[in-house]
Structure formats: structure tokens, C-alpha cells
Amino acid sequence: MPELPEVETTRRGIEPHINGQTVLSVVARTKKLRWPIPSQLNKKLCNQIITSVNRRGKYLLLNSEPGTLIIHLGMSGSLRVTTPTAIAEKHDHVDIVFKKNILRLRDPRRFGAVLWTSKDPLSHKLLASLGPEPLEEEFTAQYLYQASRNRRISIKEFIMNSHIVVGVGNIYATEALFTSKIHPLRAAGKISLPRYELLVTAIKEILAGAIQRGGTTLRDFTREDGKPGYFQQALQVYGRTKQPCVVCAHPLRSTKQGQRTTTYCTQCQR
DNA sequence: ACAGTAACCTGTTTGC
DNA sequence: TGCAAACAGGTTACTG
């Protein structure tokens, strides 16, 4: 569920609780999520200090002197800061135990990941070939325009590809295409530079706005304190199939693209 | 290199 | 009411 705004909301939420804190122990109750959880995580992190909490795309990076714990929340993951005595529930797979609290990973569908690297995390196989951060200056219309030449894939699948740009998932891709009036099925290679300008602006504004509101909570996304985000109230098309377009009142239509639902306005988006 | 599809899971909602 | 199918915020791996 978490897209970039939800992961960034999580990062900002957990950072003040764990940055500079010493790990007392690591408890893994599950052998594997998407991939096996590294054994000996307790040995690696016990008595180590968390020196920074970073994000790259939808990956969270908990740095320490000997290495980095890489966490991905997948579709249903969330991190919470709990009291040291809170009882772990059914889908609570990993605890990073500190003196005053526990950082607890919950992930019912187990599409998430917990990985360890003792090298530069950005050179890790899964991170090395990621596209630019959408909120950084390097993410421009010119970049998307050039990257999309001769690509026949639809624009929606194109911007959801993390090797093109990170952090744009189904909700925000759907919203950004509506805002920039681009039809989600249009071939990425057949979109003009001016239209990419509109799209890039929309992506940046929508992601920034969602972070400001603490992310989108549809069903079970929660912040580190268990509270929801408030961006769902600002969604204009996602989840609104058959309801009237907020611009022209024409009923919104849905289709499937790469196993994901896309909702769009047949009148406004071309 | 690119495009299309299946796969990994569980919980909740929808439809007969 | 019951049950099966469909659906859910992600991403890799495999095939052609």
C-alpha cells in the first residue's frame, strides 16, 4: 500500500524515536517475507547505534556502523514504534528493540522485505538501478521525455516503473495522469515534451501534498503512531469508478493495466 | 532492451 | 447466510 508519501511519512515518524539509539536486540518471528530475512540480524545489530534513517524510493535505510538494514513495506507493510511491553500480534514479523521502545514491522501479505548489507546500500542489487527521486531536481520533463522515446508501453505503466522514476505507485500515478489530462493508456513514446512538463509538475505537487497530509490511508496504512494519513480526502479519481469526474461530471471509467486498476475520465484525459 | 504475464501472500469485499 | 471469486497501496522473475 505504501507509495513514496507513505514511506516518507513513516521515515519522518520513526526517525526521532530511533536515530542515535542503541539496538538492544532484533527479533524475527518469520523466516521470510518476499525474500528470506537474513539470519543473525541480532548479531549484526545488537549494541549498534542507528546513525541515520534514510529513504531511497520506497526503501527505508536504517544505517549503523557495520551496515544498513534495508526495509521495504510491500503492499501491506507498516512500521510502528511501540512500548517495550506491547505484545506482538499475528502479522508482526520483526522487532528492532531499543531501550525505550520497539520498532515493529507488521506486514499481513508479506510482500515486504528486510535485507542487510554491509556495503553502500545504494549499490545493493535492488537499489542500484533505480530511477531518480521524483521530488529531486533531476526529475524533469526533459528526462522523462528522453527516457520514453520509442517506448510503446502505456504512460501509466511507464511512470510506475521504478527504473524510470521511484515512488509513484497506483494511487499517485492515477491521480497525476488525471491532473495532467493524459490518457493512462497512451503510449509513453508518443507524448510531447510540453505534456511531460504538465505530468512532472503534477507528480511533484501530488506527492508533496500527500506527504504534507501524512500520506493516504485506504484501509490499513498507519503512521508510526498508529494514526492514519489524510490524503485520501484529496483523491480526485482513484477509487471513484462510475462516480462523476470532478471537472466535467462525466462518469469515471476503470480498466486494468498490468494487473492494476486504473481510473480515468474519458472526456478530460487524452 | 523491451513487453507481457505469473508469482509471491493474507484479509476483506463483492456477487451469485 | 455461505461460499467462491475478485480485489487490494509492490516489484521481481521469467518468457518470448
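Order of the sequence lines fixes the chain letters, A, B, ..., with proteins taken first and strands second; residue numbering starts at 1 for each chain.
With both ends at atom C1', the span from B:dG4 to C:dG9 equals 22 Å, rounded to whole Å. With P as the reference atom, C:dC14 and B:dC9 are 15 Å apart, rounded to whole Å.
For B:dA3, its base never sits under 3.5 Å from the side chain of A:E157 at any donor and acceptor pair. Put simply, the side chain of A:R34 and the base of C:dT11 share a donor and an acceptor less than 3.5 Å apart. The base of B:dC9 is paired with the side chain of A:R109 by a donor and an acceptor separated by under 3.5 Å.
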Self-check item: Dot-bracket notation for DNA chain B, counting Watson-Crick and G-U pairs under 3.5 Å, with | for partners on another strand
Solution: .|||||||.|||||||
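A straight line from CZ of A:R56 to P of C:dT11 spans 12 Å, rounded to a whole angstrom. When rounded to the nearest whole Å, the span between NE2 of A:H163 and C1' of C:dA13 equals 11 Å.
Taking the nucleotide of DNA chain B with the nearest heavy atom to each of A:Q259 and A:A147, the more 5' of the two is matched to A:A147.
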Using nucleotides 14-16 of chain B, report all nitrogen or oxygen pairs with the protein that are shorter than 3.5 Å.
none

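Considering only residues two or more places apart in sequence or on other chains, A:E157 meets the salt bridge (Lys or Arg N to Asp or Glu O under 4.0 Å) condition with none of them.
For C:dT11, the base is not stacked against the aromatic ring of A:F111, per a cut-off of 5.5 Å between centres and 30° between planes.
A cation-pi arrangement is present between A:R149 and A:Y145, with the terminal nitrogen or guanidinium carbon under 6.0 Å from the aromatic centre and inside a 45° cone about the axis.
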